[in-house]
Amino acid sequence: MNEFTEEELPGGPGEGTRAVRAGLPEPVKHEPTLPGPVFAAHFHLPGEPTGPYTYGRDENPTWTHLEGAIGELEAPGRDGVETLVFASGMAAISAVLFSQLRAGEAVVLPDDGYQVLPLVRAQLEAYGVEVRTAPTAGDAQLEVLDGAKLLWIESPSNPGLDVCDIRRLVEAAHARGALVAVDNTLATPLGQRPLELGADFSVASGTKQLTGHGDVLLGYVTGKTGEPMAAVRRWRKIVGAIPGPMEAWLAHRSIATLQMRVDRQNATAMAVAQALRGRPEVTGLRYPGLPDDPSHKVASQQMRRYGCVISFTLSTRARAERFLEELRFVEEATSFGGVRSTAERRGRWGGDAVPEGFVRLSVGAEDPEDLVADVLRALEESAR
Ligand SMILES: *Cc1c(COP(=O)(O)O)cnc(C)c1O
């Protein structure tokens, strides 16, 4: 945690208050505080077909509440910003990339980002888009920006947890006429607010810590109202990658506890990272909150919380597999950000450039002492 954690908008409510109230409609007597999901493929629409609610692929009142909630967290107090929710993080990412880029244009992606990006790259190239990549660390994407239409940033990157200086990259991109999108999945809007750092789009998977219970797939795009966001909205309508009302409602319900969850999970992640730090079996330990982590300096300037994901490497694949088997309170699963801790040997998927013994650990809301003890015990057992 750093000095930003206590930050509040001048005269405005604090983050916890904002999270529990985010996106709630004006109270109506005898109605629930958060209205239930509206299940509708179409709405009554006599006469002239005017909005807001006409057909269920275009708009839904349950999305409207959720979009308001996410917008209030991604860009508090800001006018002229809108949010669009999608069926998944990948639906949101694809909506930005495929709505903004045309054949003959260039995009800069991270080469160490989310594992589906190489598939996205192949699809963009099939459509005639030039794709350039560079690592997140050291702001290396700066080197390949010239002439690009869009810069895609993932900071912290998944799973390597490198961080780039978002403000610096945004300035360089805007000076060259490029738009900037930031994948804000790992940080959540309580950890980082890309629009305040100058980005044009904050894009994320709500499947992870935003909703936090491992039971919903969701994505969103927040951006300034204008032609780029209008194109994203058109893309959602064309492709139809829309969330179901139940998922949207569950997500909104979960956001009420976002601050409690991230504060608890991130503080415990720090405790686990500190416990792992002195261990001789552990190499390549990464957590942006650790003062000596290579990401820490830049992270502390642009992030308000450092996330719940830790990564490290054990000597061999077998050692990492034994470690995962020995854990009692940590489920072996992909994904991250949930209230139940999860971990996996990332190399089992192929695709990420990581060592065989590389482990990504997502810290949940268990008691910190239980988790630290479990992780240390599993480390010891894995040596047997
Ligand atoms: C999981 C993830 C995605 C994809 O989200 P889905 O909801 O699974 O489609 C995108 N970016 C990052 C950084 C992720 O971790």
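Each ligand, and each atom within it, is numbered from 1 in the order the structure gives. Side chains are part of it too, since the values below use all heavy atoms of this structure and drop only hydrogens, waters and symmetry mates.
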When you check ligand 1 against the protein, what N or O pairs turn up below 3.5 Å? List the atom names and distances, or just say none.
| residue | atom | partner | partner atom | Å |
| --- | --- | --- | --- | --- |
| ligand 1 | 5 (O) | Ser205 | OG | 3.1 |
| ligand 1 | 7 (O) | Gly89 | N | 2.8 |
| ligand 1 | 7 (O) | Ser205 | OG | 2.8 |
| ligand 1 | 7 (O) | Thr207 | OG1 | 2.6 |
| ligand 1 | 9 (O) | Gly89 | N | 3.1 |
| ligand 1 | 9 (O) | Met90 | N | 2.8 |
| ligand 1 | 11 (N) | Asp183 | OD2 | 2.8 |
| ligand 1 | 15 (O) | Asn158 | ND2 | 3.2 |
| ligand 1 | 15 (O) | Lys208 | NZ | 2.7 |

Strictly by side chain to side chain donor-acceptor pair (under 3.5 Å), give each pair with a member in residues 323-339 just once, sequence neighbours left out.
Thr334-Glu344, Thr334-Arg346

Pairwise side chain to side chain donor-acceptor pair (under 3.5 Å) hits with a residue in residues 93-103, at least two apart
none

When clusters are formed from ILVMFWY side-chain contacts under 4.5 Å, directly or step by step, what else is grouped with Leu45?
none

Heavy-atom closest pair (His252 atom, Ala69 atom, distance to 0.1 Å) is NE2-CB, 3.6 Å

Note: Arg286 and Ser295 closest approach over all heavy atoms is NH2-OG, 2.8 Å

Ignoring hydrogens, what is the shortest heavy-atom contact between Leu285 and Ala273? Give both atom names and the distance.
CD2-O, 3.4 Å

